[in-house]
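Reviewing the structure listed below.
Note that this is a predicted model, so its numbers are computed, not measured. Just so it is clear, the values below take in all heavy atoms, side chains as well, and ignore hydrogens, waters and symmetry mates. Letters A, B, ... are given to chains in the order of the sequence lines, protein chains preceding strands, and every chain is numbered from 1.
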Number of protein chains: 2
Amino acid sequence: MKKDYSQYIKHLIAVDCIIFGFDGENLNLLLVKRNFEPKKGEWSLVGGFVNAEETLDDSANRVLTSLTGLENIYLEQLKCYSELEREPTARIISVSYYALISTDENIRINEKYSAKWFDLKQFPNLIFDHNKMVQNAVTRLRYRASTQPIGFELLPEKFTMKDLQSLYEVIFDEKYDKRNFISKINSMDILVKTDEKDMTSSRKGSFLYRFDKEKYHKKLSQGYLFKI
Amino acid sequence: MKKDYSQYIKHLIAVDCIIFGFDGENLNLLLVKRNFEPKKGEWSLVGGFVNAEETLDDSANRVLTSLTGLENIYLEQLKCYSELEREPTARIISVSYYALISTDENIRINEKYSAKWFDLKQFPNLIFDHNKMVQNAVTRLRYRASTQPIGFELLPEKFTMKDLQSLYEVIFDEKYDKRNFISKINSMDILVKTDEKDMTSSRKGSFLYRFDKEKYHKKLSQGYLFKI
DNA sequence: CCAAAAGTGTTACTCATACACCCATGA
DNA sequence: TCATGGGTGTATGAGTAACACTTTTGG
């Protein structure tokens, strides 16, 4: 007996991307303005349909590159949304992804999307179930950030300890003690202190650090677990 | 401008279920033997295609009920697998779910599936990418079990402390100290000690406990976080 | 009375938290 | 010289981990 696949119905599948950025102070969300019906003119996550010869990761990458001009963006699949009435005009199953964009990336937003960054703490109401997608993305981002060094994806290559602390404070919506934070980070031993200083924030200047990916992966393979 | 959806291609979507059970000693996996090509006769996760008027959760529930006769099984969506060549005969996108089945459930396996329980520590090689699905499911199960009281889904309604400890030991593949484990559980204050004893395991007998779902949810709403 | 599992508290240690002052520099 | 942010160490408390003996009872 051979399976006959033709009896099964097929579905439209889309990806929707929750794009996070960090400006040194707030977590931001890159949203696009719909230029077609339904819900034309309203804010939405950027998305696109999955093509025939494409994995979901491929689709999400294509959508992100088309919007931002960037390649190799950090991306993680989140969840599949399949409520029958989630989009009014057609039955579309959508898979959400979240992306992390570093502030020093040479981002060049494609005009056709009318995209805009919004503070994660106050962004407009989104179409369909996109609000829920964002909510779930924040939950996952927090979990990931607490167990893996993905925070660095949101920072420029070189950053100050204050940048790093501000980032984690805004991700987890908590304040940390400067000394405790720094000694925790130092005890991880996965940063390299450069001999450069950021002179824009103070007269004294503050040292810049880099995330040492090789060292981290070496420690990982020796059983080290990132935990913040 | 209105979007024309007809230009986008549609996909076959399936769900695949990783079904966990606990027999008091080991975590088990319920697998089915394929009775159609390709890979006829090999072991596989139970799955099925997503119908038109069905969410993914609906599909997974339908598949599980068809196999086990049970309703209201604990179920969580895991991940969407979309590699182009993941199934050789057709491009099928599959969403994995994991399910937890309690040992005291009146499970009545549908004969047509040739299903069988296997110890999670030694089960046969599975078709396609199902091995990877299982691996990811175990990771998620561990995470969930450490942050939410889902362990009870795998136990009968009444269970001994030893049952509970054995369960967590096999989930996390670690041994715990009896006294520390019990005092941790007691400090959570989410179990009810019944006045019944399980007399099968010893002459003295050991008290049976129930998970107090109401109390847990009340504590949850007051900010309590389950953590083991 | 003995074998086998159930039940029960205390101590030591590790890790997280709280906390305040001096330093370097450009204006 | 002073105003501003950068950089640094210690003491306390909480929570986790280590550890052994007594109780019960059916055979």
Side-chain angles (χ1 to χ4, degrees), chain A residues 23-25 142 145-147 151 155-156 158-210 219 223-228, chain B residues 23-25 142 145-147 151 155-156 158-210 219 223-228:
Chain A
D23 59 12
E25 196 171 343
R142 285 183 175 159
S146 72
T147 56
L155 291 170
K158 293 171 188 171
F159 49 85
T160 66
M161 280 290 182
K162 187 170 170 39
D163 292 336
L164 189 61
Q165 180 173 348
S166 301
L167 173 62
Y168 279 102
E169 285 180 340
V170 71
I171 289 177
F172 294 110
D173 195 21
E174 279 190 59
K175 287 286 170 193
Y176 303 115
D177 177 84
K178 185 168 54 161
R179 280 167 292 187
N180 291 342
F181 183 82
I182 291 175
S183 54
K184 190 171 202 171
I185 296 294
N186 282 334
S187 75
M188 292 180 181
D189 191 28
I190 54 177
L191 294 192
V192 180
K193 185 177 191 169
T194 72
D195 50 12
E196 298 167 65
K197 280 191 166 189
D198 168 27
M199 300 305 293
T200 64
S201 60
S202 73
R203 309 187 195 286
K204 188 180 177 181
S206 63
F207 279 104
L208 291 166
Y209 292 78
R210 279 190 308 101
K219 294 189 74 166
Y224 172 73
L225 284 183
F226 181 92
K227 184 89 196 80
I228 203 161
Chain B
D23 59 13
E25 197 171 341
R142 286 184 174 159
S146 72
T147 56
L155 290 170
K158 294 170 188 169
F159 49 84
T160 64
M161 280 290 182
K162 186 172 169 43
D163 291 336
L164 190 61
Q165 180 173 348
S166 302
L167 173 62
Y168 279 100
E169 286 180 341
V170 71
I171 289 177
F172 295 109
D173 195 22
E174 280 190 57
K175 286 286 171 195
Y176 304 114
D177 177 83
K178 185 168 54 161
R179 281 166 292 187
N180 292 340
F181 183 82
I182 291 175
S183 53
K184 190 170 202 171
I185 297 293
N186 282 334
S187 75
M188 291 180 183
D189 190 28
I190 54 176
L191 294 191
V192 180
K193 186 177 191 168
T194 72
D195 50 11
E196 298 167 65
K197 280 189 164 187
D198 168 26
M199 300 305 294
T200 63
S201 61
S202 73
R203 308 188 195 285
K204 189 179 178 181
S206 63
F207 280 104
L208 291 166
Y209 292 79
R210 279 190 308 102
K219 294 189 73 167
Y224 172 72
L225 284 183
F226 181 92
K227 184 88 197 82
I228 201 159

First encountered from the 5' end of DNA chain C, between Lys197(A) and Arg179(B): Arg179(B)

message: If I take atom CG in residue Asp177(B) and atom P in nucleotide dG15(D), what distance separates them, rounded to the nearest angstrom?
response: 19 Å

task: Using heavy atoms and a sub-4.0 Å distance, could you list which residues of residues 184-194 of chain A are near DNA chain C? By number, please.
output: none

- prompt: What orientation do Phe181(A) and Tyr168(A) show, parallel under 30°, tilted 30 to 60°, or perpendicular over 60°?
  reply: tilted

- request: Take the protein atom CG of Leu164(B) and the nucleotide atom C1' of dG7(C), then report the distance between them rounded to whole Å.
  value: 16 Å

- request: May I ask you to check whether Asp163(B) and Thr160(B) show a side-chain donor-acceptor distance below 3.5 Å?
  value: yes

message: Rounding to an integer number of Å, can you tell me how far Asp163(B) CG sits from dA5(C) C1'?
response: 13 Å

- request: Take atom CZ of Phe181(A) and atom C1' of dT8(D), then tell me their distance rounded to the nearest Å.
  value: 16 Å

task: Take atom CD of Glu25(A) as the centre, draw a 6.0 Å sphere, and report whether it contains more than 12 heavy atoms from other residues, nucleotides or ligands.
output: no

query: Is there a donor on the side chain of Lys204(B) or the base of dA6(C) sitting less than 3.5 Å from an acceptor on the other?
result: yes

- prompt: Ignoring hydrogens and geometry, is there a side-chain-to-backbone donor-acceptor pair from Glu169(A) to Tyr176(A) under 3.5 Å?
  reply: yes

statement: Whole-Å distance, Met161(B) CE to dT8(C) C1', equals 12 Å

message: Which nucleotide wins on minimum distance to the side chain of Asn180(B), given the candidates dA18(D), dG7(C), dA18(C)?
response: dA18(D)

- prompt: What about Arg203(B), does its side chain sit under 3.5 Å from the base of dA6(C) through a donor-acceptor pair?
  reply: no

field: Nucleotide dG7(C), atom C1' - distance to CG of Leu208(B) in whole Å
entry: 15 Å

task: Would you kindly give the CD1-to-P distance between Ile182(B) and dA6(C), to the nearest whole Å?
output: 9 Å

message: Could you walk me through whether Ile228(B) and Ile185(B) satisfy the side-chain contact (heavy atoms from CB on, under 4.5 Å) test, starting with their C-alpha distance in whole Å, then the side-chain angles of each, then the deciding distance to 0.1 Å, before giving a yes or no?
response: CA-CA 8 Å; Ile228(B) 201 159; Ile185(B) 297 293; 3.9 Å; yes

query: Just how far, in rounded Å, is C1' of dA18(D) from NZ of Lys175(B)?
result: 17 Å

query: Between the side chain of Lys219(B) and the main-chain N/O of Met188(B), is any donor-acceptor distance below 3.5 Å?
result: yes

- request: Could you tell me whether a side-chain N or O of Lys197(A) sits under 3.5 Å from a main-chain N or O of Lys204(A), the two making a donor and an acceptor?
  value: yes

message: Could you check whether the side chain of Lys178(A) and the base of dG7(D) have a donor-acceptor pair of N or O atoms closer than 3.5 Å, going by distance alone?
response: yes

